[in-house]
Amino acid sequence: MEQMSQPKWEGNVCTSLTNATADQVWHLYKDFFNFHKWFPSLATCYGIHGTNSESDCIRYCSKERLIAVDNNGRSLSYEIVDSNIGFESYVYAVKIVPQGDEGDQDGCMIEWSFTVNKMEGWVLDDLVRKYEVGLQRMAKRMEIPI
């Protein structure tokens, strides 16, 4: 008997930072074990396996594993390994992109995309909006120490 694959949702959100370069934001963002410092709705986040900012390390927020890190391209991807809020087969990808013609002197943009199994009781547009608001708040928090 052929097994049916779970329907997937995909979403993308992005926000611009005008007072921080891509390198400055990447330095903060790749600190995988301390994401709670920047993402407003997380009360805690800490490492439970591996070395911070290296592939295959795992953090506890909802138990997430870093899949890949590209320091030169300022991008990373991670997946939720275990969640108490219903996420299944959840993969994120983040890229920090310089703005302007002169490198990243005109700020940068955080691009955040995700793929997740469709979730009962949720609406995709509401999930995307939740991440838009969270990413905008996170970007404001990241600009403060820079």
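Numbering starts at 1 and runs along the sequence shown.
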Taking all non-hydrogen atoms of both residues into account, name the closest pair between [X] and [Y] and its distance.
{"X": "Ala22", "Y": "Val97", "result": "CB-C, 4.2 Å"}
{"X": "Asp56", "Y": "His49", "result": "O-CD2, 3.4 Å"}
{"X": "Met119", "Y": "Val116", "result": "SD-CG2, 4.1 Å"}
{"X": "Ala68", "Y": "Ser55", "result": "CA-OG, 3.6 Å"}
{"X": "Leu66", "Y": "Ser77", "result": "CD1-O, 3.5 Å"}

Can you check whether [X] reaches [Y] side chain to side chain, under 4.5 Å on heavy atoms?
{"X": "Met138", "Y": "Ile110", "result": "yes"}
{"X": "Tyr78", "Y": "Val91", "result": "no"}
{"X": "Ile80", "Y": "Lys63", "result": "no"}
{"X": "Met109", "Y": "Thr15", "result": "no"}
{"X": "Val128", "Y": "Phe114", "result": "yes"}
{"X": "Phe32", "Y": "Glu64", "result": "yes"}
{"X": "Leu76", "Y": "Tyr29", "result": "yes"}

Spacing of [X] atom [atom1] and [Y] atom [atom2] [to the nearest 0.5 Å]:
{"X": "Cys14", "Y": "Lys95", "atom1": "SG", "atom2": "NZ", "result": "13.5 Å"}
{"X": "Trp112", "Y": "Ile96", "atom1": "CH2", "atom2": "CD1", "result": "10.5 Å"}
{"X": "Arg65", "Y": "Cys57", "atom1": "CZ", "atom2": "SG", "result": "9.5 Å"}
{"X": "Lys37", "Y": "Met142", "atom1": "NZ", "atom2": "CE", "result": "11.0 Å"}
{"X": "Arg59", "Y": "Thr44", "atom1": "CZ", "atom2": "OG1", "result": "11.5 Å"}
{"X": "Leu17", "Y": "Leu28", "atom1": "CG", "atom2": "CG", "result": "9.5 Å"}

Legend entry - Ring centers of Trp9, Tyr131 separated by less than 6.0 Å: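 No, they do not, as the ring centres are separated by 6.0 Å or more.
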Inset, instruction - Would you please indicate if the ring centroids of Tyr60 and Phe33 are separated by under 6.0 Å? - result: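 For Tyr60 and Phe33, the ring centres are not under 6.0 Å apart.
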Legend entry - side-chain contact (heavy atoms from CB on, under 4.5 Å) involving Asn117 - partner list, sequence neighbours excluded: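 Gln6, Lys8, Glu88, Ser89.
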Inset, instruction - Sequence neighbours left out, what pairs pass salt bridge (Lys or Arg N to Asp or Glu O under 4.0 Å) with at least one residue falling in residues 108-133? - result: Arg129-Glu132
Legend entry - Short side-chain donor-acceptor distance under 3.5 Å, Asp31 and Trp38: no
Legend entry - Asp70: salt bridge (charged side-chain N to carboxylate O under 4.0 Å, His left out) partners, not counting sequence neighbours: none
Inset, instruction - Verify, without hydrogens or angle tests, whether Thr51 (side chain) and Glu54 (backbone) share a donor-acceptor contact under 3.5 angstrom. - result: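 Checking the backbone N and O of Glu54 against the side chain of Thr51, no donor-acceptor pair under 3.5 Å is found.
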Legend entry - Main-chain N/O of Cys45 paired with His36 side-chain donor or acceptor, under 3.5 Å: yes
Inset, instruction - Please test Asn34 against Tyr46 for side chain to side chain contact (heavy atoms under 4.5 Å, CB included), starting from the C-alpha separation and ending with a verdict. - result: CA-CA 6 Å; Asn34 292 297; Tyr46 54 88; over 6 Å; no
Legend entry - Exceeds 12 heavy-atom contacts within 6.0 angstrom, atom NE2 of His27: no
Inset, instruction - Indicate, with yes or no, if Leu42 and Val133 share a hydrophobic cluster defined by side-chain heavy-atom contacts under 4.5 Å among Ile, Leu, Val, Met, Phe, Trp and Tyr. - result: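 No: no chain of side-chain contacts under 4.5 Å links Val133 to Leu42.
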